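Step one of this worksheet: look at the structure below.
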Amino acid sequence: MSDPVDRTIDRSNRAHPGDAQEAFDIPVTDAPAIPLNGSDELDQHTRVDLLKQERGIAKQYHGGPMWMYPAAAFGGIALWVSFFPLTMFFGFPLAVAFVISCVLATGGYVTSHEAMHSNIARKGDKLRWLNEWTGKVSTIPIVFPFSMARMMHLEHHYHVNDPDKDSDYTDEAPNWWMAIYKTWYNRQPGVDGSIHHYKRILAEMGTPEADKALKDTLKLQLLFMAVLFTMAWTGFAIEAALLWWLPRHIGLSYIRFYLSWAPHHPREGKTGRYDCANIFKSRLGHVMSMGMQTHLIHHLYPGIPNHKTKDAYFALKPVLEKRGVDCSAL
């Protein structure tokens with residue numbers, strides 16, 4: 001059973017996973033912490049003291065300039081759209097456009113992710129519209145409406161590694177190559193994969209927002225298929241496949257592998273504050289893994305922007321090690 005301090009923190013994170021403050025009003029005690037002596041169990045005063053240190057360090061990494069996310073989102077979608085006339089009518093190399101489209105489809109999730117947690121602008125902020133539109137345009141290349149993406153991602157935070165309620169649990173696999181295979185398999189018709197899991201979760205929620213997210217998904221995917229069909233019918237099937245269809249699937253698989261499977265495997269039973277995500281070393285490096293090597297920091301403090309999680313991890317590492325987190329990989 002988790003201790004009283006940790007239960008308090010878990011409730012605060014689940015209530016408002018996108019709040020940068022993240023309930024910094026932690027329990028405080030005047031009693032000194034008992035020095036660590038290698039025991040598996042930490043005294044409550046020690047835990048409170050470590051938690052105060054942890055929160056104090058984490059607070060330094062919240063906030064700061066966020067203009068790069070909207071800039072990347074709007075610049076990326078403009079470039080993505082421009083490839084259609086450039087390749088079809090102006091001779092731009094289709095192979096180059098294909099590679100860049102894959103990058104844009106994959107990277108768009110990173111910019112949308114900051115908007116999901118309202119890290120660009122919170123409710124009531126005069127730039128709230130920028131936060132929302134950053135999220136909306138970012139997920140267009142993967143044909144995944146922002147309303148659905150945000151709702152499912154926050155459900156992941158609320159119920160991390162719960163086999164029935166974690167929206168990403170269907171990505172679990174015993175090893176990396178099976179995980180890659182499942183990123184494709186789960187999207188096949190008739191398979192009880194991601195979208196079926198989403199539908200079950202949305203049905204259980206039964207809210208107008210859940211209903212809207214499902215309708216938004218249906219509308220966007222029908223529009224996507226109609227455009228693909230029209231392009232194929234008018235003689236641009238190869239362009240449609242290489243600029244829209246294939247980059248979308250490559251992007252979805254990359255996102256599923258690095259943002260879902262890699263930082264959470266193995267998922268079973270890991271629902272605690274400090275074991276819900278792993279610290280791991282990616283062969284492709286921190287940037288190519290979209291910052292997921294230190295994904296635990298995001299679960300602890302969703303208000304820390306993606307570009308700061310690595311620095312925040314190394315600042316927090318001594319405290320995390322004392323809390324029993326395996327930091328040997330980095």
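Just so you know, these numbers use all the heavy atoms, side chains as well, and skip hydrogens, waters and symmetry mates. These figures come from a predicted structure and were not determined experimentally.
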- prompt: With no hydrogens and no angle check, do the side chains of Arg150 and Ser118 hold a donor and an acceptor under 3.5 Å apart?
  reply: no

message: Measuring only between side-chain heavy atoms, which start at C-beta, is Asn306 closer than 4.5 Å to Glu114?
response: yes

- line: With sequence neighbours left out, the residues meeting side chain to side chain donor-acceptor pair (under 3.5 Å) with Asn186 are none

Check: Ser289 side chain, His286 main-chain N or O, donor-acceptor pair, under 3.5 Å: yes

task: I would like to know whether Arg323 and Arg47 meet side chain to side chain contact (heavy atoms under 4.5 Å, CB included); could you show each step before the answer?
output: CA-CA 8 Å; Arg323 289 308 310 252; Arg47 292 194 303 270; 3.6 Å; yes

query: Has Lys317 got more than 12 heavy atoms of other residues, nucleotides or ligands less than 6.0 Å from its NZ?
result: yes

task: From the options His295, His298, His113, select the one residue that forms a ring-ring contact (aromatic ring centres under 6.0 Å, His included) with His157.
output: His298

message: Please check this pair: side chain of Asn131 against backbone of Ile120, looking for a donor-acceptor N/O pair closer than 3.5 Å.
response: yes

message: Are Ile180 and Trp176 packed together at the side-chain level, in the sense that at least one heavy-atom pair is separated by less than 4.5 angstrom?
response: yes

Residue pair Ser282 / Tyr258, side-chain donor-acceptor N/O under 3.5 Å: yes

ILVMFWY network linking Leu243 to Val99, side-chain heavy atoms under 4.5 angstrom: yes

Cluster check Tyr254, Val103: I/L/V/M/F/W/Y, side chain < 4.5 angstrom: no

- line: CG of Leu320 to CG of Leu296, rounded to nearest 0.5 Å, is 6.0 Å

field: Non-hydrogen side-chain atoms of His264 and Val160 separated by less than 4.5 Å
entry: yes

message: Rounded to the nearest 0.5 Å, what separates atom CE in Met151 from atom CG in Leu202?
response: 7.0 Å

- request: For residues Pro85 and Phe90, report the shortest heavy-atom separation together with the two atoms involved.
  value: O-CD1, 3.2 Å

message: So for atom CZ, which belongs to Phe314, do other residues, nucleotides or ligands contribute more than 12 heavy atoms lying within a distance under 6.0 Å?
response: yes

query: Are the ring centres of His307 and Tyr69 closer than 6.0 Å?
result: yes

task: Indicate the atoms forming the closest heavy-atom contact of Ser138 with Pro141, along with that distance.
output: O-CD, 3.5 Å

message: So His156 and His153, do their side chains get closer than 4.5 Å, heavy atoms only?
response: yes

query: Which atoms form the tightest heavy-atom contact between Pro145 and Thr139, and what is the distance?
result: C-OG1, 3.9 Å

message: Please report the interatomic distance CG(Leu50) to CG(Asp43), rounded to the nearest 0.5 Å.
response: 10.5 Å

field: Separation between NZ of Lys215 and CG of Leu220, rounded to the nearest 0.5 Å
entry: 16.0 Å

field: cation_pi(Arg256, Tyr181) dist<6.0 Å, angle<=45
entry: no

query: Less than 4.5 Å apart, any side-chain heavy atom of Trp133 and any of Phe74?
result: yes

field: Minimum-distance pair of heavy atoms, taken over all atoms of Ile201 and Asp164
entry: CG1-O, 4.3 Å

message: Between Asn161 and Lys270 (side chain of the first, backbone of the second, donor and acceptor by atom type, cut-off under 3.5 Å), is there such a pair?
response: yes

query: Between Met116 and Tyr109, is a side chain to side chain contact (heavy atoms under 4.5 Å, CB included) present by the stated rule, with each step listed?
result: CA-CA 10 Å; Met116 291 175 198; Tyr109 194 87; 3.7 Å; yes

task: Check side chain to side chain donor-acceptor pair (under 3.5 Å) between Thr134 and all other residues, then give those that pass, not counting sequence neighbours.
output: none

- request: Determine whether Ser253 and Arg187 make a side-chain contact, defined as any pair of heavy atoms from C-beta on separated by less than 4.5 Å.
  value: yes

query: What closest approach, in Å, do Leu127 and Asp125 show between heavy atoms, and which atom pair accounts for it?
result: N-OD1, 2.8 Å

- prompt: Do NZ/NE/NH1/NH2 and the carboxylate oxygens of Lys136 and Glu132 come within less than 4.0 Å?
  reply: no

task: Return yes when atom CD of Glu268 has more than 12 non-hydrogen atoms of other residues, nucleotides or ligands closer than 6.0 Å, and no otherwise.
output: no

query: Transitively linked via ILVMFWY side-chain contacts under 4.5 Å: Ile142 with Leu222?
result: no

query: How would you list, by chain and number, every residue that makes a side chain to side chain donor-acceptor pair (under 3.5 Å) with Glu239, sequence neighbours excluded?
result: none

- request: Look at the side-chain heavy atoms of Ile, Leu, Val, Met, Phe, Trp and Tyr, link any pair under 4.5 Å apart, and say whether Tyr185 and Ile195 land in one connected group.
  value: yes

query: Which distance, rounded to the nearest 0.5 Å, do you find between the CD of Glu155 and the CG of Asp162?
result: 10.5 Å

field: side chain to side chain contact (heavy atoms under 4.5 Å, CB included) evaluation trace for Thr217 with Tyr198
entry: CA-CA 11 Å; Thr217 303; Tyr198 287 179; over 6 Å; no

query: Does the side chain to side chain contact (heavy atoms under 4.5 Å, CB included) test come out yes or no for Asp192 and His197, once each step is laid out?
result: CA-CA 7 Å; Asp192 188 22; His197 197 51; 5.7 Å; no

message: With clusters defined by side-chain heavy atoms of hydrophobic residues (ILVMFWY) lying less than 4.5 Å apart, directly or transitively, does Met178 cluster with Val191?
response: yes

field: Test item: Glu54 and Tyr301 side chains (from C-beta on) under 4.5 Å apart, heavy atoms
entry: yes

query: Do Arg267 and Asp168 come within less than 4.5 Å of each other through their side chains, counting heavy atoms only?
result: yes

message: Tell me whether His249 contacts the main-chain N or O of Trp184 through its side chain, where contact means a donor paired with an acceptor under 3.5 Å.
response: no

field: Check: Gly291 main-chain N/O paired with Lys310 side-chain donor or acceptor under 3.5 Å
entry: no

- line: Value for CD1 (Ile255) from CG (Asp171), rounded to nearest 0.5 Å, stands at 11.0 Å

message: So for atom CD1, which belongs to Ile238, do other residues, nucleotides or ligands contribute more than 12 heavy atoms lying within a distance under 6.0 Å?
response: no

query: What is the minimum heavy-atom distance between Gly251 and Thr106, and which atoms define it?
result: CA-OG1, 3.3 Å

